[in-house]
Amino acid sequence: MSLVPEGPTARGAVPHPDVHTYDEVNRDVLRALETPGKGWWALLAVAAAGVVLFFSAWGWQLYKGIGVSGLNSPVGWGVYITTFVFWVGIAHSGTLISAILFLFRSPWRQSIYRAAEAMTVFAVMTAGLFPLIHVGRLWHAYWLIPYPNSRFLWPNFKSPLVWDVFAITTYFTVSATFFYLGAIPDIAAARDRATGLRKKLYQVISLGWRGTDSQWHHFGKAYIFLAALATPLVLSVHSVVSWDFAMAIVPGWHATIFAPYFVAGAIFSGVAMVITLVVPIRKIFGLEAYLTTKHFDAMAKLCLLTSLIVLYAYLSEFFLAWYSGEEIERTAFWNRLFGDYWWATWTMLVCNGFVPIMLWFRRIRHSIPALFVISIFINIGMWFERYVIVVTSLHHEYEPFAWGIYRPSLTEMALMVGSFCWFGFWFLLFTRLLPPIAIAELKEVLPAPTRKKTGEAY
Amino acid sequence: MRKHWLIGGLASLLALAAGVAFIQEEPQETPVSEDIAEPEYPSGQPIAFPHDQHAGSQPGQNNMDCQYCHYSAERSVDAGIPPVSACWGCHQAIPGSNNPEEVAKIQQSIQTGVPIPWVRIYKVADHVHFPHMRHVNAGLECQQCHGEVQEMQVLNSRDPVWGGDNMGWCVECHRQPDDAGKPQASTDCTVCHY
Amino acid sequence: MDNAAGLLASYEYLDSTVDAIKALKKAGFEKIKAYAPYPEHHIEHALGYGQSPVRVWTLVGGLTGTATGFALTTWTSIDWPLVVGGKPIVSIPAYIIIAFEMTILFGALATIIGLFVLSRLPSIKPPVVYDPEFSSGRYGVYVEGSRQRLEEARQIMNEQQPIELREGELDD
Amino acid sequence: MAENKNMQDGIKRRDFLKVLGVSGAGATLTGCSTEEVERLLPYVIPPDDITPGVSTWYTTVCDGCSARCGMWVRTREGRAIKVEGNPNHPVSQGGLCAKGHATLQHLYHPDRFPGPMVREGSELRQVTWEEAESLLAARLSSAQNPMLISGQMGPSLNELVDEFVEGIGGIRVSYDAISDAPLAEAARIVYGTAGIPQYDIENARFLLSFGNDFIETGSSPVAHNKGLARMSSVDAAGSKGRFVYLGSRLSLTGLNADKWIPIRPGTEAAVALAMAAVIAGDDPEVAGPYSNVLQAFNPQVAAQAAGVTEDAIFELAEDFASQAPTLALGPGVGAHHSGATAANIAVMILNHVAGNVGRTVFYDAPMNGAMSAYADIEATVNAMASGESDVVMVHGANPVYSMPLQAGFAEAFAQVPFKVSFASALDETSEMADLILPDQHFLEAWGDSSPLAGVVAVQQPVMQPVPHFESKQTGDVLLSVANRLSGEGDAATFYDYVREHHRSAHDDADGDFEDAWQELLRTGMADTRREEAGALELQSPEVALSFEVPTFDLPGDLTLLVHPSPRFGAGEFSNSPWLQELPDPVSKIVWHSWLEMNPHTAELRGIREGDIVTVTSPHGSLEVPVWLYPGIREDVVALAMGGGHTGMGRYADDKGVNALNLIPSTSEQLSGALVTTVTAVTVIPTGEKRRLATVEGSSDQYDRMIAPAVALADLGHAGDDEHEEGGHEELRELQGVGGFIPVPADEGAPTAFPLEGSRHGLYAEAQEGPRWAMAIDLDKCTGCSACVTACQAENNVPWVGEEQVLMGREMSWVRIERYYEQVDATQAADLDVRFLPMICQHCGNAPCETVCPVFATYHTPEGLNAQVYNRCVGTRYCANNCPYKVRVFNWYDYTDAVPEPLNWQWNPDVTVRANGVMEKCSFCVQRIREVQNRAALEGGREVRDHEVVPACEQSCPAEAIVFGNIRDPNARITQVSASERTYRVLEPLNTQPAVNYLKKVTFHEVASVGHEE
């Protein structure tokens, strides 16, 4: 069994019409790793500043107490959990594009999956911080991890939060491994062209890869199995995250639709984020030949599909709230649309439900600036989706007398903004240290050089 | 605790929290009035009190019952520190053959009315409620937790048998099956934590 | 064993590479190693590869994970039974999730370990027989044999017009 | 607990021990403190009634207000840590109000004076008692007509003060910020009796209150609260007393009425007399000398004046006559207008005509309430202003604050050359004093009280004076000053004086005095009441009476009601953070003041809730935010007293506004009482607005049947509860369609424990053990909020301050929810108010437990929903998932803000929670453990029913709360829960709470909302 079906032309259109030889690929892609320009340094500086802000805000909170947030009772979860879910969501499409599209042999995968996977890894790294940020006693958070201790105490495996611990850590480990494994041959390629310190570095992290037949042979198998394992994992992780809410009895959380709804939402936001990230990379590193409109078209279509699923989820939530006849449920959803947080809800509906409708049009799908803008709208919308779910559900619950209002504090905002910088920081480093496009796999879909030009087709 | 930190430390960023954590975890100071003399003895105790001399059963020792001085152990959560008057009760008559200057401090305390600032050796964490009377009445010997105090000349550090910092130590005992095969004492959290 | 050595040929074309390998195999050479910038199934066919044993590692790892997951959750619940929300002490539905995640985790890790073991990675010592171009555009064929047989090999390889053909010391 | 309350005689025996370490001040949650050196200070000489780690209880008398309720005080290692109502007290009969609990904070208040102070310029310098007393003696010896202004006092001190003042040839002025003078005066005029009449509210079947807030203020709020609860709760015969409130504003008392007739302010007399006239009918002679008065009045006139329908008055009169025994209460301190005395007379006539005298109202055993005449202090002000007196002493009063600004007390007081204050803590008056002789707190001092003729209760010290403050009780100060003046060397202490006082009063026929005295100290009181014949004759008034409706100072289109606050009285309690953070029982607002205004009035003027308005009367003006309240007449606005302190310390200053700045200093003509309902005001929005620091989310329960009711008529028709609010059918429907694992109709009661599907692990072992449960009777609960403060005191619950409350972070474990239900939409006025104390429900299927990742909350074998603070990581998931929203979180280290020595009050049996930890009601698990430990020591006996009493139940004056082991079929809890009124909040969620609520019973039909028929 082979990695590519019958040759590059199996799916008709050639994905990279402007790329001809293997050497070209190496040259173009590895050019990205050469000495960076001013723009990159500027961005890195901004990101670094944001990281400093992030950790000083966190330090401040640890020093004063979680009270520096705007949280209260009844709203015990706010921006922190919102941002956590947001980043977990972002983390999804990476592995999805990579693993699922790999299993389905989708021809537009190769040139974007490296960036997408990097995004996944860094997004999980960001998301993983927020549960730690939001707990009241960080210095005891390790109690959620099962380990033999002198108290004979163990975590409560019935609690969705413990499921989270397992899901997130597993997801991080697997996607990091998957990311690294896929990168090894390309790092080797980088090694063979690099010099000096970089060469040393690549020598180490390429693990002495030489592209021998046996290496490729086992590599292929291992990669397939990892993809096969990662695919259900992707689906499970965000289901588990959604159960943090669905397992609770809070009106607006307690819904069976949550798992698929969240997974769709995650892919939706993830793909949008990939577009947001890949557009500049393509421009800066001049990779137009590798990231063609065909790729963006495909991603836009995926966005469109998931946006429809998400919109459907919204509507069905409202419908079921009404149809159930359950007064408390009805009030909860009425309150979403017209209550104290109507603005959040409508932002969510517009950005996720209506803006993506433009993607029906081919012209928009093929206009990269348009896609870039839309993708940013979607990112905002998806953040607000989580905000709506978390906050509006909590602030009006069963006991009318205990209803309350939540106002995010500056500290929370700082941490939220800071998290984007933290993510950006790592992503910027990535673009300079690892080949942003999968070299080896790209070659698979290029026509192999043959001597007998008219000979039997390889 | 220490062991937990070891493992806890492994979790990244917890380390970052730890410092702050302990700042926050400082228990509030209990005011100590100035008139208390600073400890002068290696034991850290203001008076070189020989437990063995009082409670020891060797010839020449007095073989007193622990609860003669720690009088409330069997009816209260606190074992009780003997009032100076209790010491004075005997030491009025007994000037103390070995070191009378120590005994003199008792008299001084009685006269000035300034209590003796004993240094606390055994203490469970503040969020643990340990009812002495339940344990004494359950037939535990003082020595099972406090060690062979009656053989100690100075009581300046915890006896190795003491594990009061470590919940597992309590639980292991509570868990021991009784005749009916059930735990001999409840392992319900709110028995000690509330 | 100075009576044995290796030959390394680099080719520009896939078909020449494959032909070379086929020819060498026909000539009865055993120790043939091929280099390629990407996984090339034609080469694998030529060398006649079967199924990779990596999958066994994955399977075993996965199953271990499942078992561990259920064991951990169940045992800890029984070890100190605390009732929450009036639910059973051991509530399997909840534990399935833990078991699932551990299946994936162990499975993935086992796969990687398997891969490393099987393809002798990581090998930090610098390659003796290698051409940096292999990671870029070229294919390579390396064959080992006794000195007299190598002459035969050299001819077979030359038939496919290699870009370069050189004596290589014995690889590992 | 009564059995182990042994009492010792004499103050010397109760040595205060400097115990550190052993019981610092409550344990702290943050452990790992074993490393640093800690001092153990034993007694020098052990008091033989104190065992370390064991609470000692003493009986004494609450000195919080003039009611003087009986008190039990719990002390640990010599620190008073909790006060509770003394069930054996003949008047208060157990239970204690929030203010009573807060007296503990006055004991340990950081703003108490460190010792005697002498003013030097603007500074106060601490001096020794020696110096201070000799200074006072010196000034007095040369003083011309010195004055002593004092509030309520116990008999002994009263006598001593009289002697003292006489001795120095001075003038004594008694002054009470809140005084029942009109009532007393009325009684004097009509029946020639002194003192305040005694009411038997409990046995009245029909109760009328003409603006009398008897469960908040007046002669004995706690007792009256209990009386109201007993009267208005359904008895075995299924009948229930009816309570109608006539007034222009629904006070807390009014909120408990079955009907509200919103009459105009000042028209009580007209209505009462009209009713009397109707009842008397064609035989006005029953009104004796007042028969002519009756002829002048009839429902038509009254209806006109009061702004209600004629029929309403007729109806009322008929009910009042028919449903004997009935009882009517005249306007109380909340509604003193210029016709207050007349109004009270009118009500007395009404009672007389209805034949209630001797049945429900008694004039022959009068109560010693606060009844000083404001006129006297007015006179004093003039005297001071004209420099007649050069020494003025103030004890137990704060006139600078509690008199209307216009009275000019402060200015006059400033004229006095030498001003002496006996205040133990800082207040506006002592702030001006030249010499401060800080009195002891009543928990540190000797004294006595006689709340009721023939009843004597002794107030005895329960601990040595708090060492931070060199206080000395006024009795001793006066004695020693007297000695200095007279030059005698009499060493008698005030303790001897009190003892002597009682010896002289002792009748040797009742046996040896020593025994009597010991008994008196042990039980806390002696009851020597003699049964006397009831009916008295009406006496013809010797003064001219006018029953005219008073007019109010114009201009102004809204009548201003200035009333005492249920939390602060007239402001003497404002410096207690507990009370500041106790949600006002009516408005649910904390820390600041508000203006109550009817929503319609506000709408007409374009005013919204939270708008800051300028309230202007002819006598002053102030700015205050508006709170919209349907329970007030559209032509009336109300302001509570107790806000706007300027010199009362850190917790009282600059909190709210002082309503007294708006009213003139006028006294009522007959009784000389201060007139509070006197002026009209104009209300103009300033354009600014603020968020009200309220704990109320919504006053509408949206038909969720949180606090349902059942109509009296529907009682006894169990089973067909389809038409009943909060019926079970919704639950059954759900079960029918398999909404969740169906719970059979007979199961799901707390008795059926553990539930099917919960019989696992520890539960199984617990089959035999207790199952703690609670029942709260909403028909009894009056919303007085005493339980809230009691809980705060018992469980070391911190206060968080106004900013935190504004953020929605109040920490209280008990939340008294207050919902409005419209009786019928046609009557805008008629409110059906539902109070519901919401605490942790200790659910059998608790949603909070499942989601905790670390088992910090779980279910104990005894059925408690435990919260293990030291295991809590602070994910707050449990709070999110609690449908009752009873879990509160420590957002900061709130307890750090508690200054020395306030933290001495902390309960050493309860862990003090640290930053980042969840907490909630624990059913007072520490008390359960204490009792279980005791039972174990006493030969492992069973815990008796009612042996475990949580703080809330103990303090509930209305006896609405019952706690116990519901597995015991004979326990009170089991029997109470068997009532057909029993329901559990949010039942359809199948959380299986351990708290049973008993529905409120209404006279009107309750809508069967929520179920479309």
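Neither the backbone nor the side chain of Pro185(A) has a heavy atom closer than 4.5 Å to any heavy atom of chain C. Of the two parts of Phe152(A), the backbone and the side chain both hold a non-hydrogen atom closer than 4.5 Å to a non-hydrogen atom of chain C. Interface residue Gln161(C): only side-chain heavy atoms are found under 4.5 Å from chain A. In this structure, the portion of Leu181(A) lying under 4.5 Å from any heavy atom of chain C is its side chain and not its backbone. In this structure, chain A has heavy atoms under 4.5 Å from both the backbone and the side chain of Ser136(C). If you measure heavy-atom distances from Asn26(A) to chain C, the contacts under 4.5 Å come from the side chain alone. Residue contact with chain C, scored on non-hydrogen atoms closer than 4.5 Å, involves the side chain of Asn156(A) exclusively. Residue Tyr11(C): no heavy atom, backbone or side chain, is found under 4.5 Å from chain A. Contact annotation for Thr173(A): only side-chain heavy atoms (C-beta onward) come within less than 4.5 Å of a heavy atom of chain C. With a 4.5 Å cut-off on non-hydrogen atoms, Leu118(C) touches chain A through its backbone and its side chain both. Within the 4.5 angstrom heavy-atom criterion, only side-chain atoms of Leu47(C), from C-beta onward, approach chain A.
In plain terms, the two heavy atoms of Arg210(A) and Tyr35(C) that are nearest each other are O-CD2, 3.3 Å. Nearest heavy-atom pair across His218(A) and Pro53(C) is CE1-CD, 3.9 Å. Between Lys158(A) and Pro88(C), the closest heavy-atom pair is CE-O, 3.0 Å.
If you tally non-hydrogen atom pairs under 4.5 Å between each of Pro155(A), Pro232(A), Ala230(A) and chain C, the highest count goes to Pro232(A). Between chain C and the options Ala228(A), Ala189(A), Ala188(A), heavy-atom pairs under 4.5 Å are most frequent for Ala189(A).
Considering only residues two or more places apart in sequence or on other chains, Trp57(C) meets the ring-ring contact (aromatic ring centres under 6.0 Å, His included) condition with none of them.
Residue-environment remark: NZ (Lys200(A)) stays at or below the threshold of 12 foreign heavy atoms within 6.0 Å. For Glu164(C), the CD atom counts as densely surrounded, since its 6.0 Å shell holds more than 12 non-hydrogen atoms of other residues, nucleotides or ligands.
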Under the side-chain contact (heavy atoms from CB on, under 4.5 Å) rule, what do Thr170(A) and Met102(C) come out as? Steps first, then yes or no, please. CA-CA 7 Å; Thr170(A) 304; Met102(C) 294 193 83; over 6 Å; no

Does the pair Leu115(C) and Tyr223(A) meet the rule for a side-chain contact (heavy atoms from CB on, under 4.5 Å), with working shown? CA-CA 9 Å; Leu115(C) 166 66; Tyr223(A) 201 79; over 6 Å; no

Between Phe116(C) and Leu207(A), does a side-chain contact (heavy atoms from CB on, under 4.5 Å) hold up when you go through it step by step? CA-CA 10 Å; Phe116(C) 283 5; Leu207(A) 306 178; 3.6 Å; yes

What's the verdict on side-chain contact (heavy atoms from CB on, under 4.5 Å) for Glu441(A) and Tyr38(C), showing C-alpha distance, side-chain angles and the deciding distance? CA-CA 7 Å; Glu441(A) 281 195 45; Tyr38(C) 62 94; over 6 Å; no

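Expressed to the nearest 0.5 Å, how far CG of Leu14(C) lies from OH of Tyr22(A) amounts to 7.0 Å. Here the straight-line distance linking atom OG of Ser119(C) with atom CH2 of Trp209(A) works out to 6.5 Å at 0.5 Å rounding. A distance of 11.0 Å separates CZ of Phe178(A) from OG1 of Thr111(C), quoted to the nearest 0.5 Å. To the nearest 0.5 Å, the span separating CG on Leu105(C) from OG1 on Thr169(A) amounts to 7.0 Å. For the atom pair CZ of Arg55(C) and CD1 of Ile224(A), the computed distance is 11.5 Å after rounding to the nearest 0.5 Å.
Counting heavy atoms from C-beta outward, Pro39(C) and Glu444(A) have side chains that approach closer than 4.5 Å. With a 4.5 Å cut-off on side-chain heavy atoms, Trp243(A) and Ile97(C) count as touching.
Interface residues of residues 68-76 of chain C toward chain A, defined by a heavy-atom distance below 4.5 Å and sorted by number: Leu72(C), Thr73(C), Trp75(C), Thr76(C).
Side-chain N or O atoms of Lys33(C) include none that pairs as donor or acceptor with a backbone N or O of Ser214(A) at under 3.5 Å. In terms of modelled atom types and a separation under 3.5 Å, the side chain of Asp213(A) and the main chain of Glu44(C) share no donor-acceptor contact.
Defined by atom type and a distance below 3.5 Å, a donor-acceptor pair is present between the side-chain atoms of Tyr130(C) and Asp192(A).
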Got a list of side-chain donor-acceptor pairs under 3.5 Å for residues 159-166 of chain A, not counting sequence neighbours?
from, atom 1, to, atom 2, distance (Å)
Ser159(A), OG, Leu161(A), N, 3.1
Ser159(A), OG, Val851(D), O, 2.6
Trp163(A), NE1, Phe157(A), O, 2.8

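Within the structure, side chain to side chain donor-acceptor pair (under 3.5 Å) contacts touching residues 224-238 of chain A (residues at least two apart or in different chains) are Ser236(A)-Glu101(C).
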